[in-house]
2 protein chains.
Amino acid sequence: MTRTTGSKGENTLKALRVAGINRLYKQGFSGMTLRELAGDVGIQAGSLYNYFSNKQDFLYEILRQVMLDVIGEMEVALDGEDNPRLALLAYVECHVSFHSSRQQEVLVSTTELRSLNPENYKRVTTLRDSYEGRLREILEWGNAEEYWTVIDPQVSSKLILGMMTSVGTWYSAGGRYQISDLVKIYQTMIENLLFNDMAAANLSPAMVS
Amino acid sequence: MTRTTGSKGENTLKALRVAGINRLYKQGFSGMTLRELAGDVGIQAGSLYNYFSNKQDFLYEILRQVMLDVIGEMEVALDGEDNPRLALLAYVECHVSFHSSRQQEVLVSTTELRSLNPENYKRVTTLRDSYEGRLREILEWGNAEEYWTVIDPQVSSKLILGMMTSVGTWYSAGGRYQISDLVKIYQTMIENLLFNDMAAANLSPAMVS
DNA sequence: CCTACCGATCGGTAGG
DNA sequence: CCTACCGATCGGTAGG
């Protein structure tokens, strides 16, 4: 039985990705050394340059892939939703699931943004902005269809994203809750937030006196 | 006019703290070099060792001070509150204010925990746990006095802290909102969360099927 | 994918 | 607070 995929080099590349995320999580970009990374996958430091052209490029490829993954999952989740409320619930489910199940990658991909050079930084934050923009669009969609009234969708989406993303900082896979429970908790919280007049009023810049 | 405080050395120490937080925020612990830090305050690298015994110690002193500051402000904020609801509102106000006005320090003091050696890590996380424990105690206090019913104060406090802390990741001082507005928004959200039956029910592990 | 090596730079120290 | 310096180690390259 011959395999056309899964050659040694491909396995090494996958192993480098896994080891790299781990090193970035534990030591940060400057703190991880290429010699350690090479050791993790059983090759010599010089051989790493068969897999990427330099350390910066390695970081970029990892962060880029995380963004592409979450964007891809979100596209599937939102596909066919023709109703702002269901779209919102789908967004919350997708975001919370991803951020609880891939905590290390998600944390690294925000923490190590600062280590990207200007061009790569721009590329990754552009991806991130398009991802976050989807939530703002859903909030605006719900406004237009009069499902809810969000006075400042820009800031509200940031606030909602912030509370969802923070799940990755405290959720523990071995704890009392499963990811599906977290999804329900956040869906309920966020629906309450949007459909509750008092909370909505407080999200208005008009109240700034 | 003679000054007994504010000698050159003291000013340098303060300047080192400010520059250090900035460097840690932009480059991380491994990424910042002591030569850069020395340059920021106008001295030579070797002279830094008049102010701390090594780089690790410098990091520890910065993170420790941030924790002591927020703990100190929280003690003042909660002093004399004899009612769970008012204590909760005071906690929210203090936490949100601190995390919006000192964003860099707060972000660094969580991001760079990993760069502390085991003893220093233990010391700082012990401070952090005592700080976060105050919120859990308030939730339990409200349970006892029947102000609200929080089934899992441990997890609820983590969730609430997470949504409050995330304000530091998106709040911009030049934006539409002032910190006092953010405080009101979060106070309203969190009160809704605690006093709303549906949300409270969803925070119960009993619903895990 | 390895060996052998480079220039640069790091944290830290000695001795003023 | 400075000068002068150290051993170690880093990212990266040449040439197989």
Side-chain angles (χ1 to χ4, degrees), chain A residues 3 5-63 108 112 114-121, chain B residues 3 5-63 108 112 114-121:
Chain A
R3 293 176 50 163
T5 61
S7 65
K8 192 76 194 320
E10 273 185 47
N11 291 338
T12 303
L13 188 57
K14 284 180 196 165
L16 280 173
R17 229 188 96 78
V18 173
I21 289 164
N22 227 283
R23 291 271 171 206
L24 288 169
Y25 181 76
K26 290 191 298 190
Q27 302 166 284
F29 180 65
S30 309
M32 67 168 273
T33 74
L34 295 181
R35 280 162 178 80
E36 291 171 329
L37 182 66
D40 288 339
V41 303
I43 63 176
Q44 297 300 312
S47 306
L48 289 172
Y49 291 81
N50 291 306
Y51 298 95
F52 47 81
S53 53
N54 53 48
K55 197 185 179 188
Q56 167 72 211
D57 231 61
F58 180 67
L59 176 64
Y60 170 63
E61 284 303 332
I62 285 183
L63 298 204
V108 162
E112 296 305 335
R114 67 181 171 199
S115 303
L116 291 172
N117 68 28
E119 305 94 77
N120 290 336
Y121 180 86
Chain B
R3 292 175 50 163
T5 60
S7 65
K8 192 78 194 320
E10 272 184 48
N11 291 338
T12 304
L13 188 56
K14 283 179 196 166
L16 280 173
R17 229 188 96 80
V18 173
I21 289 164
N22 227 283
R23 290 270 170 206
L24 288 169
Y25 181 77
K26 290 191 297 193
Q27 302 166 283
F29 180 66
S30 310
M32 68 170 271
T33 73
L34 295 182
R35 280 163 178 79
E36 291 171 329
L37 182 67
D40 289 338
V41 303
I43 62 176
Q44 297 300 311
S47 307
L48 289 173
Y49 292 83
N50 291 306
Y51 298 96
F52 48 81
S53 53
N54 53 50
K55 197 185 181 189
Q56 166 71 212
D57 231 61
F58 180 67
L59 175 65
Y60 170 63
E61 284 303 333
I62 285 183
L63 299 204
V108 162
E112 296 304 337
R114 65 180 171 200
S115 303
L116 292 171
N117 68 27
E119 305 94 76
N120 290 337
Y121 179 87

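Residue numbering restarts at 1 for every chain, and letters A, B, ... go by the order of the sequence lines.
- Atom-to-atom distance recorded for B:F52:CZ and B:L13:CG is 9.5 Å, nearest 0.5 angstrom.
- The nearest pair of heavy atoms linking A:Q27 to A:M32 is CB-N, 3.9 Å.
- Screening B:L59, B:N120, B:L24 for a side-chain contact (heavy atoms from CB on, under 4.5 Å) involving B:S115 leaves a single residue, B:L59.
- For the strand DNA chain D, secondary-structure stems (runs of at least three Watson-Crick or G-U pairs, all distances below 3.5 Å) span C:1-16 with D:1-16.
- Both A:G42 and B:N50 sit near DNA chain C, but only A:G42 has its closest nucleotide nearer the 5' end.
- Applying the salt bridge (Lys or Arg N to Asp or Glu O under 4.0 Å) test to A:R114 and every residue at least two apart in sequence or in another chain returns B:E112.
- For the pair A:L34 and A:L48, the tightest heavy-atom approach, listed with the atom from each and the gap, is O-CD1, 3.2 Å.
- Within the model, atoms CZ of B:R17 and CD of B:E61 stand 9.5 Å from one another, a figure rounded to the nearest 0.5 Å.
- Residues A:G31 and A:E36 share a closest heavy-atom pair of O-OE1, 4.1 Å.
- With values rounded to the nearest 0.5 angstrom, A:I21 atom CD1 is found 9.0 Å from A:L63 atom CG.
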Inset, instruction - If a protein heavy atom is under 4.0 Å from the base, mark B; if only from the sugar-phosphate, S; if neither, -; do that for nucleotides 3-13 of chain C going 5' to 3'. - result: B-B----BBBB
